[in-house]
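Reckoned from all heavy atoms, side chains included, excluding hydrogens, waters and symmetry mates. So that the names make sense, note that chain A is the first sequence line, chain B the second, and so on, each numbered from 1.
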Amino acid sequence: MIQGGKSSYQNLNEKQREAVMTTEGPLLILAGAGSGKTTVLVNRIGHILDTNGVFPSNILAITFTNKAAREMKERVERILGDESDGMWISTFHSCCVRILRKNIDRLGYTSSFVIYDRSDQLTLLKGAIKELDMNEKLYDPKMVIGHISDAKDKLISPAEFMKTYRDDFKMSKIAAIYERYQKNLKKNNALDFDDIIVKTVELFEKNEEVLEFYQRKFKYVMVDEYQDTNRAQYRLVSLISRLHKNLCVVGDDDQSIYGWRGADITNILNFEKEFNGAVVIKLEQNYRSTQNILDSANAVIKNNNERKSKNLWTDKSGGEKIKVFKAMDEREEGDFISRKIRELTEGDNGMGDFAVLYRTNAQSRAIEEALMRQNIPYKIYGGLKFYDRKEIKDIIAYLRLIQNPLDDISLKRIINVPKRGIGLKTIEKLESFAYSKEENIYSAMLDLEDGLISTRAKSKVEQFVSIISTLMAMNECMNISLLIEKVLEDTGYMEELKNENSVESQTRIENLKEFISSAVEFEQISEEKDLETFLASISLVSDLDSLEEGDDYVSIMTLHSAKGLEFPVVFMVGMEEGIFPSSRSVLDEDRLEEERRLCYVGITRAQQELYMTYANERTIYGRKNYGTNSRFLSELPQDCLQSYNAKIDKIKNHPSSNIDMREIKKNFTFGSSVKPEVKKDIDNSGIELGSRISHPKFGEGTIVSKTGNDVTIAFENKGVKMINLEYVKLEKI
DNA sequence: TCACTGGGGATTTTT
DNA sequence: TCCCCAGTGA
């Protein structure tokens, strides 16, 4: 039945084969970096299908990224061909969207729901705060979104949230905002990213027969990157697999770097406890990197306490040493990298062999400038995403409104884009009118009462309605790419851009054209070709999906974005205390361990060569900072290293800083830009870890860490702040 | 309604 | 430093 079926398992190592053969019951595969987990998953799927009575449609494989899903799908198709039809290999989100489209009416939404991204969320949330007559200054929307998202990750409903924080003034206000926000989402027939998971769980828990349907369907469930799952995803997975119990999860606790996004590392650490009779298989043989690279990665990660022990090994012994370079500043750091790349491309390496990885996006500029100076082609991942561009968001807003007229957020976005003389006042009136009738803005616009708005405004609104309703009719009979062109034309959007005739408007037009071609491509490859599916698919993609390895350019990106990728030569830059590990994590053991895992992820991206660089002096947000080497550098084994010029210092937090971290976290404020007051007026020798000082503005505090001229101080009632000694005079107490 | 300005804030972000 | 947003004046 399967081409090359069993015989191909001969290429697997013993552990891998064991993982492939273990198909029944709960299975945890601890797959170290580069240990061939996708190969195992793909072969395992093939093996499951060898079993009598199992069909492709009985298999569900879940990944986090589209890229991973696509890769797995391709590889499965390669060994199974048409046999793979009907199998679900998709991301958590697209799998849930698929389920919701069918059944969400049971939760009071309609199947034409739209998906809100982060900026839509923010708009909606600000509206909710306003409706509740609260002050945005006090309830910072980003902070509130954080709390809401956190709650959703943990499946905490607004009501439960309220109950938990009944006695906490501020948090109970946030609970009220959460409740209103959720109500408004529903009113707009919209889901945010978190809802996609949460609502699916809700659907399953409230509708036994729906759950049963999927439980029966999916006899075998596989989850990739299990270390990144949150509570909600954990719940989802355990619900679906409860009947057959054939749940296989693959993950690496050492690569858990999304804790701050709600990923719950205990999901993987406690798997054996949660799922009775679970088998655990460790894949420790690495096929990617040299021994030196692996030794370094192992040595760094060994400093973490919270982990399942694991030791990567390879039969590729030796290899190039890890090269450490100390630069004067970020400019020299960049030049070192571009020189090295030039040098190595004289030999066997192509531009596509290199990646430059940094901790924060802000670091990309110095790197870009250096690469440009040497005329090195590069591609940057992250930063402003294609779908985040204004013109793309505008056209998407039009499409969303056409699909789902309940979507007030999209309507408000484009009602006056391009300018049609419908101003803020008019929109406000329309909104409160709609609100009073418990309707959405668009439907309110369909039958306007006389005298509500001026006749001038009224005729403008009617024009707008007529454009949209025509487009809605067109959607019924037209394919998407054509519809998009119609939208751009009929709304006057394209015309306005053309009239502007600037370089900027030109790129916007280019981007819109690219958007149209993405629609054309969608029409060619997708089974369902309706607007609904198109909009969902673009809400669920990221720029990272477009990364193609082997191309002739250097890839530059954050360490987070690099997870799952590999490159022959990797540069990890900005290896300085305060940058990496970030100054926000050095005070907290858990966060520091996550930074260390991020470092582990970075190191294990390298196949042959790894460079680590740091700078003495770095300008951050227009201010000079002086740094010391990252503690992670000092954790590397000496005999794996080759240093150009660096003497690596050991970094330690003050051991006896007997400060209660929980207390500090409560009112953690960071990076208050302390204005230059008194110039260098401090005897640096007076600043020691643990010593008590007094700050002109913040009062008394204790010094908890020190890097160059930056000291971090825990203040009695102002939380923790980082102070640059160059600008502020501190008095020793 | 729109263009300008000044203040404040600025990890990481698979979907 | 650079970008976003709220507030202001024409």
Using a cut-off of 4.0 Å on non-hydrogen atoms, how would the nucleic acid contact of [X] be classed: base, sugar-phosphate, or nothing?
{"X": "A/Asn416", "answer": "sugar-phosphate"}
{"X": "A/Leu424", "answer": "sugar-phosphate"}
{"X": "A/Gln233", "answer": "nothing"}
{"X": "A/Ile422", "answer": "sugar-phosphate"}
{"X": "A/Phe92", "answer": "nothing"}

- Item | By ring-ring contact (aromatic ring centres under 6.0 Å, His included) - contacts of A/Tyr109 (at least two apart) | none
- Query: Can you name the residues that form a ring-ring contact (aromatic ring centres under 6.0 Å, His included) with A/Tyr181, not counting sequence neighbours?
  - Reply: none
- Item | Positive for salt bridge (charged side-chain N to carboxylate O under 4.0 Å, His left out) with A/Arg618, one of A/Glu333, A/Glu332, A/Glu577, A/Glu330 | A/Glu333
- Message: Checking contacts here: which listed nucleotide (B/dT15, B/dT11, B/dT14) is nearest the side-chain heavy atoms of A/Phe64?
- Response: B/dT14
- Message: So if I take every side-chain heavy atom of A/Tyr258 and compare against B/dT14, B/dT11, B/dT12, which nucleotide ends up nearest?
- Response: B/dT14
Hey, does the side chain of [X] come within less than 4.0 Å of [N]'s phosphate (OP1/OP2), counting only N and O?
{"X": "A/Ser561", "N": "B/dT13", "result": "yes"}
{"X": "A/Arg584", "N": "B/dT11", "result": "yes"}
{"X": "A/Thr558", "N": "B/dT13", "result": "yes"}
{"X": "A/Asn361", "N": "B/dT13", "result": "yes"}
{"X": "A/Asn66", "N": "B/dT15", "result": "yes"}

- Those residues at least two apart in sequence (or on a different chain) that pass salt bridge (Lys or Arg N to Asp or Glu O under 4.0 Å) with A/Glu595 are A/Arg359
- Query: Taking O4'-C1'-N9-C4 for purines and O4'-C1'-N1-C2 for pyrimidines, is B/dT11 syn (within 90° of 0) or anti?
  - Reply: syn
Rounded to whole angstrom units, what separation is found between the [atom1] atom of [X] and the [atom2] atom of [N]?
{"X": "A/Ile257", "N": "B/dT14", "atom1": "CD1", "atom2": "C1'", "answer": "9 Å"}
{"X": "A/Glu595", "N": "B/dT13", "atom1": "CD", "atom2": "P", "answer": "12 Å"}
{"X": "A/Ile620", "N": "B/dT11", "atom1": "CD1", "atom2": "C1'", "answer": "11 Å"}
{"X": "A/Gln363", "N": "B/dT12", "atom1": "CD", "atom2": "C1'", "answer": "11 Å"}
{"X": "A/Asp228", "N": "B/dT12", "atom1": "CG", "atom2": "C1'", "answer": "13 Å"}
{"X": "A/Leu598", "N": "B/dT11", "atom1": "CG", "atom2": "P", "answer": "15 Å"}
{"X": "A/Met557", "N": "B/dT11", "atom1": "CE", "atom2": "C1'", "answer": "18 Å"}
{"X": "A/Asp224", "N": "B/dT15", "atom1": "CG", "atom2": "P", "answer": "13 Å"}

- Item | Ionic contact status for A/Asp194 with A/Lys154, cut-off 4.0 Å | no
- Taking 4.0 angstrom as the limit, do A/Lys67 and A/Glu71 come out as a salt bridge? yes
- Message: Which residues pass the side-chain hydrogen bond (donor to acceptor under 3.5 Å, both in side chains) test with A/Thr491, not counting sequence neighbours?
- Response: none
- Message: Holding to side-chain hydrogen bond (donor to acceptor under 3.5 Å, both in side chains), I want the full list of residues that pass it with A/Tyr116, two or more places apart in sequence or in another chain.
- Response: A/Asp407
Output one line per pair: protein atom, nucleotide atom from nucleotides 1-10 of chain C, and distance, for all N/O pairs under 3.5 Å.
residue	atom	partner	partner atom	Å
C/dT1	N3	A/Tyr621	O	3.4

- Message: Return whichever of A/Lys425 or A/Ser539 has its heavy-atom-nearest nucleotide of DNA chain B closer to the 5' end.
- Response: A/Lys425
